[in-house]
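Have a look at the structure below, then the notes.
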Amino acid sequence: MGTTTSSHVTAIPAAGPAEAAAHFERLLALETDCWDVHEAMKDGAPDFVLLHVNGDRAGFDSGHVPGATFMHHSTINEATLAPYPAATLFVVYCAGPHCNGADRAAARLARLGRPVKKMIGGKIGWLDEGFELATS
């Protein structure tokens, strides 16, 4: 009799299709990626506000995603959001996967009742896709 071995991949069975669909649709409701943001920003009229949420103004000025607005995650509050209608979707990003500034910003926005998604990969992901940064 032969023995059956499983890999680390198959040792835990995959979720069923309905559970997998719900999981991945949930992720897409919370996250977007650099390519999708780039495509949405190409015409200059995105249907969201892109926020660069980490570092300082000098860091933003030295390189950021074109069309982004600087708003450090610690400054997100009712007053700094006042210029934006309540239904405005915010997309937040930070330096990259090693940075939690986008998560901090997303949590603040959500607690303030604002729609939000995180751009996964951040600035590093943007560069990895081959996209250029803007300077100001």
Side-chain angles (χ1 to χ4, degrees):
M1 295 198 138
T3 59
T4 305
T5 60
S6 59
S7 70
H8 291 289
V9 173
T10 60
I12 298 172
E19 183 181 354
H23 171 79
F24 293 112
E25 288 168 358
R26 177 83 174 134
L27 283 178
L28 292 170
L30 299 169
E31 299 174 343
T32 189
D33 66 15
C34 299
W35 191 90
D36 288 343
V37 169
H38 181 266
E39 288 300 302
M41 306 273 299
K42 279 195 323 191
D43 68 2
D47 52 356
F48 56 88
V49 172
L50 182 62
L51 294 180
H52 177 112
V53 296
N54 74 305
D56 57 16
R57 184 67 197 205
F60 173 81
D61 290 345
S62 68
H64 59 272
V65 173
T69 297
F70 178 73
M71 187 181 295
H72 191 272
H73 61 80
S74 67
T75 67
I76 294 172
N77 57 46
E78 290 290 351
T80 58
L81 299 178
Y84 303 99
T88 301
L89 171 63
F90 292 94
V91 173
V92 296
Y93 77 92
C94 59
H98 60 282
C99 176
N100 69 5
D103 295 310
R104 289 172 183 265
R108 280 181 177 261
L109 286 159
R111 281 194 305 270
L112 291 167
R114 298 304 191 108
V116 61
K117 287 188 175 193
K118 177 173 81 170
M119 184 179 82
I120 56 175
K123 195 163 138 177
I124 289 173
W126 188 265
L127 293 169
D128 284 350
E129 290 288 336
F131 304 138
E132 299 289 325
L133 294 175
T135 56
S136 31

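Quantities reported herein were computed from a predicted structural model and do not represent experimental measurements.
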Are more than 12 heavy atoms, taken from residues, nucleotides or ligands other than [X], located less than 6.0 Å from that residue's [atom1] atom?
X	atom1	value
Ile12	CD1	no
Glu19	CD	no
Glu132	CD	no

Minimum heavy-atom distance between [X] and [Y], given as atom pair plus value:
X	Y	answer
Ala87	Pro115	O-CG, 3.8 Å
Cys34	Gly122	SG-O, 3.7 Å
Met71	Thr80	CE-O, 3.6 Å
Ala102	Cys94	N-SG, 3.5 Å
Ala11	Ser6	CA-OG, 3.6 Å

Quick one: does any side-chain atom of [X] pair with a main-chain N or O of [Y] as donor and acceptor, under 3.5 Å?
X	Y	value
Arg114	Leu81	yes
Arg108	Ile76	yes
Tyr84	Val49	no

Query raised in the report: Hey, do the aromatic rings of Phe70 and His64 have their centres closer than 6.0 Å?
Result: no
Using 0.5 Å steps for rounding, measure from the [atom1] atom of [X] to the [atom2] atom of [Y].
X	Y	atom1	atom2	result
Leu89	Lys117	CG	NZ	6.5 Å
Leu133	Lys123	CG	NZ	6.0 Å
Leu112	Asn77	CG	CG	7.5 Å
Arg57	Ser136	CZ	OG	5.5 Å

